[in-house]
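Structure first, commentary second.
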Amino acid sequence: MPELPEVETVARSLAPQLQGRTITGLAKLDWPKMLTPSPDEFAALIAGRRIKAIGRRAKWLLLSLDGEWTLAIHLRMSGQLLVAEPETSEARHVHFALDLDNGRRLIFNDQRKFGRVHLLDRQGLAALDAVHGPEPLAADFTPSALAERLQNRRAPIKALLLDQHLIAGIGNIYANEALWLARIHPLTPGAMLTPEQINELHHAIRHVLQEAIANQGSSLRNYRDGYGRQGTQQEHFNVYDRAGEPCPRCQSTIERIVVAQRSTYFCPTCQITMQQSE
Ligand code: ZN
């Protein structure tokens with residue numbers, strides 16, 4: 001599933017293709033479940049809207065439109081968003097497309113059909129913002145802000161990092177990579193982290209996200225940017241999906257466990273286990 005770096009890459013690659021363009025209408029919709037409001041209402045509201053800016057909140061891509069509307073798109077498992085010629089939207093897995101005033105289309109290709117497209121008014125956007133924790137790359141996400149979020153949290157740090165209410169945008173890949181970089185065992189309860197470990201983790205989270213953005217994200221299965229190009233961050237994983245391989249830091253064998261129903265990869269030697277004291 002695309003995480004913060006992938007959605008950020010899509011936003012940045014779509015910006016030069018979409019900014020200032022006007023949406024002339026709904027060109028294709030064959031999976032109405034992905035859309036709110038209703039298709040008729042959506043088609044009436046979207047036509048003639050100018051795209052002012054392209055941004056991101058958590059794992060949501062946000063197209064700011066005139067009239068204070070926002071088109072919020074979540075790629076979920078397999079969504080790909082790109083700008084292309086109208087013929088491209090005839091492909092089988094394209095379930096949604098918008099006509100643009102330059103004759104091209106904004107096309108949502110989504111093999112698994114978990115993607116979502118919501119047209120939000122100002123209140124709807126505020127509600128989306130409110131259910132997400134701080135942006136880990138924002139200036140106000142400091143080590144003490146992270147410490148505050150982890151206070152009294154007894155869940156494993158790996159599970160806490162995936163909680164979008166706690167911190168926005170981190171998914172399974174970058175949670176694994178950040179914990180490895182910070183030398184923290186994924187099962188350590190959040191509240192047990194020392195101030196030094198929280199500093200390390202804060203640095204690690206930012207480092208892995210920034211590195212992934214610099215490499216245009218990780219293309220494991222379906223992820224592509226707004227031009228249909230793959231990212232290369234998957235060539236730089238230290239632990240993710242590397243069970244049985246040597247740890248790049250200490251050569252111990254990387255292990256896989258399941259935490260919060262997600263595959264979790266770690267080095268049993270250099271990621272320190274903290275025992276919960278009762
Ligand atoms: Zn190691």
Side-chain angles (χ1 to χ4, degrees), residues 1-6 8-9 59 133 136-137 141-147 149-151 153-164 166-221 223 230-278:
M1 178 190 292
E3 304 179 24
L4 185 157
E6 288 76 36
E8 182 67 29
T9 303
K59 300 177 194 172
L137 296 179
F141 184 71
T142 57
S144 56
L146 176 60
R149 315 288 298 177
L150 299 178
Q151 247 173 28
R153 303 298 298 251
R154 299 168 72 88
I157 185 61
K158 169 69 195 308
L160 294 172
L161 290 178
L162 299 180
D163 181 348
Q164 298 299 298
L166 211 64
I167 307 167
I170 301 172
N172 203 34
I173 292 174
Y174 302 109
N176 277 293
E177 291 292 318
L179 288 170
W180 178 85
L181 191 60
R183 301 173 190 246
I184 295 169
H185 193 286
L187 291 176
T188 310
M192 294 284 293
L193 294 180
T194 64
E196 194 186 329
Q197 284 180 311
I198 289 175
N199 280 336
E200 289 287 330
L201 181 58
H202 175 267
H203 169 81
I205 288 169
R206 288 192 173 211
H207 180 86
V208 299
L209 296 176
Q210 277 160 346
E211 184 187 59
I213 291 171
N215 288 319
Q216 285 80 46
S218 304
S219 285
L220 297 183
R221 284 171 282 273
Y223 163 72
Q230 298 200 26
T232 59
Q233 184 60 24
Q234 67 280 3
E235 296 161 17
H236 305 281
F237 293 157
N238 288 301
V239 280
Y240 182 79
D241 204 20
R242 296 194 61 227
E245 294 178 43
C247 167
R249 196 162 42 207
C250 77
Q251 313 306 316
S252 297
T253 303
I254 293 164
E255 292 183 6
R256 176 188 175 274
I257 56 172
V258 174
V259 181
Q261 292 149 9
R262 305 298 301 274
S263 288
T264 299
Y265 304 91
F266 69 103
C267 170
T269 304
C270 63
Q271 286 179 256
I272 302 155
T273 316
M274 299 292 290
Q275 296 301 327
Q276 173 101 54
S277 54
E278 292 298 332

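Atoms within each ligand, like the ligands themselves, are counted from 1 in listed order. None of these values were measured; they are calculated from a predicted model.
Side chains of Arg206 and Leu137 form a contact here, defined as non-hydrogen atoms less than 4.5 Å apart. Side-chain contact check for Ser218 versus Tyr240: every heavy-atom pair is 4.5 Å or farther apart. Here the side chains of Lys59 and Pro2 are not in contact, with every heavy-atom distance at 4.5 Å or above. No side-chain heavy atom of Glu177 sits less than 4.5 Å from a side-chain heavy atom of His236. Between Ile173 and Asp241 the shortest side-chain heavy-atom distance does not fall below 4.5 Å.
Under the rule for a salt bridge (Lys or Arg N to Asp or Glu O under 4.0 Å), Arg149 has no partner lying at least two apart in sequence or in another chain.
Closer than 2.8 Å to the Zn ion (ligand 1) sit the protein N, O or S atoms Cys247 SG, Cys250 SG, Cys267 SG, Cys270 SG.
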